[in-house]
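Working notes for the structure below.
Values below: every heavy atom of this structure, side chains too, minus hydrogens, waters and symmetry copies. Quick note: residue numbers are just sequence positions, from 1. Bear in mind that the values here come from a model prediction, so they are computed numbers and not experimental data.
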Amino acid sequence: MRCGFCGYEDSKVIDSRSADDGKTIRRRRECFSCGKRFTTYETIEDTPVLVVKNNGARQAFDGQKIKSGIIKSCEKRPVSVTEIDEIVNAVAKQVYNSMEPEVSSKWIGELVMSELKKHDEVAYVRYASVYRSFKDIPSFMEELQRMMENKK
């Protein structure tokens, strides 16, 4: 780290502390050349992920949009807010860990359904019925049949 006083490019860390709820590390450093001390902050670089919609439009990934959809599908179901937050966090983690600058909304929808299925099958079917926009009863029944076969 370059010294802010003399410009020398080497220093030693004297003290490190967590700051900003663990999202930042505050470091006290001492320059090897002039001996002066200075403070630096290290943060995780947030790289925005864009979601590519079916119509080709792009928008920033937003966990709140996912959460509102999950809440609707879990209405009157025994799924706690904590579980919903866990689902949203699991999906967001997979999206950010993909290291892709753009992901498809279809892939995100599949991730949500996969996580929902682990928590509540009825909520999963509700979400899938909107997400996959079943056109008629036979297409809905096909999904239910797949679920029944997988359960065996």
The test is salt bridge (Lys or Arg N to Asp or Glu O under 4.0 Å); show your working for D10 and R2 and say whether it passes. CA-CA 6 Å; D10 204 6; R2 183 184 305 265; over 6 Å; no
So Y127 and C74, side chain to side chain contact (heavy atoms under 4.5 Å, CB included) or not? Walk me through it. CA-CA 9 Å; Y127 189 90; C74 292; over 6 Å; no
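A donor-acceptor contact closer than 3.5 angstrom links the side chains of S16 and R27.
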Quiz: residues 50-57 side-chain donor-acceptor pairs under 3.5 angstrom, not counting sequence neighbours:
residue	atom	partner	partner atom	Å
N55	OD1	A57	N	2.9

Please report, to 0.1 Å, the donor-acceptor pairs under 3.5 Å made by any side chain of residues 112-119, with sequence neighbours excluded.
residue	atom	partner	partner atom	Å
E115	OE2	K118	NZ	3.1
H119	ND1	E83	OE2	3.3

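Note: K36 NZ to C3 SG = 8.0 Å, rounded to the nearest 0.5 Å. Within the model, atoms CD1 of I70 and CG of D120 stand 12.0 Å from one another, a figure rounded to the nearest 0.5 Å. The distance from the OG atom of S104 to the CZ atom of R58 is 11.0 Å, given to the nearest 0.5 Å. From K72, atom NZ reaches atom NZ of K67 across 14.0 Å, with rounding to the nearest 0.5 Å. Distance OG/S98 to CG/L111: 9.0 Å, rounded to 0.5 Å.
Residues D15 and R29 are not paired through a salt bridge, judged by the lack of any N-O separation under 4.0 Å between the basic side chain and the carboxylate.
Of all the heavy atoms in S11 and C31, the pair that sits closest is CB-CA, 4.0 Å. When all heavy atoms are compared, the tightest approach of R26 to A19 is CB-CB, 4.5 Å.
Hydrophobic clustering of Ile, Leu, Val, Met, Phe, Trp and Tyr side chains at less than 4.5 Å, counting indirect connections, unites I71 with I108.
The side chain to side chain contact (heavy atoms under 4.5 Å, CB included) search around E75 returns R126, not counting sequence neighbours. Residues satisfying the side-chain hydrogen bond (donor to acceptor under 3.5 Å, both in side chains) criterion with S18, sequence neighbours excluded, are absent altogether.
Cluster partners of I25, using a side-chain heavy-atom cutoff of under 4.5 Å among ILVMFWY residues and allowing indirect links: none.
Legend: ring pair (Phe, Tyr, Trp, His ring centres under 6.0 Å) pairs involving residues 10-62, not counting sequence neighbours, sorted by first then second residue: F61-Y96.
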